[in-house]
There are 2 protein chains.
Amino acid sequence: MTSFAQLLKEHALKATFQRMTILAVIEREGHLNVDEIYAQVLEAHPTLSLATVYKNIITMVERGVLVEVPILGHKSKYEIRKHEHVHLICHQCGAVMDQAIDDVLIEDTLTIAKQSAFALENRQVNLYGVCAGCQEGKASA
Amino acid sequence: MTSFAQLLKEHALKATFQRMTILAVIEREGHLNVDEIYAQVLEAHPTLSLATVYKNIITMVERGVLVEVPILGHKSKYEIRKHEHVHLICHQCGAVMDQAIDDVLIEDTLTIAKQSAFALENRQVNLYGVCAGCQEGKASA
DNA sequence: CTGGGTGCAAAGTATTTGCATGAAC
DNA sequence: GTTCATGCAAATACTTTGCACCCAG
């Protein structure tokens, strides 16, 4: 049904139905935390256990299939690892949006790292604020 | 003894010995997680409870005295809120270093946010890699 | 004084683990 | 057939809460 099987194999992981389901759910929603993944996955696979969700998130992060996205004051979310990007995180509705990272930012972080002789491996750029949607309906909580 | 008392008052918090101790410890170490704060604080104030550490971290973050620094794969650390900066986080030794943020980076994140009509409020730029010290002693775990 | 803060112990959550069973390769 | 993964239940770890007592303002 999907290329998730291949993705998993590339990372030396067996392509179980559980993992495929977890990946499908994350792919569909973009960014989810453990509980959200579990809740969604139950619909497609009612007997999948929470422990399995935890175990798989841990191994898939280790293997580089998933990326952890910490959210200030909340539980981390997870996304499927793709091309590098920046996160826009809305205080209001909690949405996490991806936004392309540009060369200026990449260059600049390299420059900053160099100032401390720091061997930069990966960037985590999260921007907090209020998304376009929430700016309109100002009244919303 | 310090200006922590004033800092707390500015944020409408009573200047208790417990809070002063917590702030002193964080100030001294730079970035600490809850357990580390608790361990260090016990030396100066052996009867301080872990619950008090938790309660105070929560309120001091709410009031803007402290800032949470999420560390991928580990517990969040906390720092005293000062001028904005970037974090360099070493995979190897776990050290978190501050590095000045420059105008290029500030401008660029504003540009990125603008592309999504996102009202940017605060930035979180964490760079992961290997610090200068750990690059020398390559052998270390 | 008075309200907020602390400490304790208990309750709640969240996460990890061990092991027998089952599925992928 | 092997090896790795799952599911359950139990164990751990982490964080929050309630309440009586205490201290800063």
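Every heavy atom of this structure was used, including side-chain atoms; hydrogens, water molecules and symmetry mates were not. Keep in mind it's a predicted model, so treat the numbers as computed, not measured. Every chain is numbered from 1, with letters handed out A, B, ... down the list of sequences.
Between the OH atom of B:Tyr38 and the P atom of D:dC14 there is a distance of 13 Å, rounded to whole Å. Separating the CG atom of A:Leu8 from the P atom of C:dA23 is a distance of 18 Å, rounded to the nearest angstrom. Summarising the geometry, the separation between CD1 on B:Ile57 and C1' on D:dC14 is reported as 13 Å, rounded to the nearest angstrom. Computed from coordinates, the B:Arg19 CZ to C:dG7 P distance equals 11 Å when rounded to whole Å. D:dT6 atom C1' lies 16 Å from atom CE of A:Met20, rounded to whole Å. At whole-Å resolution of the value, CG in A:Leu23 and P in D:dA5 are 14 Å apart. As rounded to whole Å, 14 Å separates atom P of D:dA5 from atom NE2 of A:His11.
Looking at heavy atoms from C-beta onward, A:Asp108 lies out of side-chain contact with B:Asp108 at the 4.5 angstrom threshold. The side-chain heavy atoms of B:Lys55 and B:Gln18, taken from C-beta on, include no pair separated by under 4.5 Å.
Map A:Asp35 and B:His45 each onto its nearest nucleotide of DNA chain C; the residue landing nearer the 5' end is B:His45.
Applying the salt bridge (charged side-chain N to carboxylate O under 4.0 Å, His left out) rule to pairs touching residues 114-128 of chain A yields A:Glu84-A:Arg123, sequence neighbours excluded. For residues 30-53 of chain A, the salt bridge (charged side-chain N to carboxylate O under 4.0 Å, His left out) pairs, not counting sequence neighbours, are A:Asp35-A:Lys75, A:Glu36-A:Lys77.
An OP1 or OP2 oxygen of C:dG7 is reached within less than 4.0 angstrom by a side-chain nitrogen or oxygen of B:Thr52. A close approach under 4.0 Å does not occur between any side-chain nitrogen or oxygen of B:Asn56 and OP1 or OP2 of C:dG5. Dashed line: the shortest gap from a side-chain N or O of A:Lys75 to OP1 or OP2 of C:dT13 is not under 4.0 Å. At least one side-chain nitrogen or oxygen of A:Gln18 sits closer than 4.0 Å to the OP1 or OP2 atom of D:dG7.
In this structure, the side chain of B:His11 engages the main chain of B:Arg63 through a donor-acceptor pair within 3.5 Å. No donor-acceptor pair under 3.5 Å is formed between the side chain of A:Ser116 and the backbone N or O of A:Ala113.
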For nucleotides 16-25 of chain D, list the nitrogen or oxygen atoms of the protein found under 3.5 Å from its nitrogen or oxygen atoms, one pair per line.
residue : atom : partner : partner atom : Å
D:dG18  : O6   : B:Lys55 : NZ           : 3.1

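Here the CG-OG1 distance, from B:Leu88 to A:Thr109, works out to 10.0 Å after rounding to the nearest 0.5 Å.
Using a 4.0 Å heavy-atom criterion, one finds that B:Thr47 contacts the sugar-phosphate atoms exclusively.
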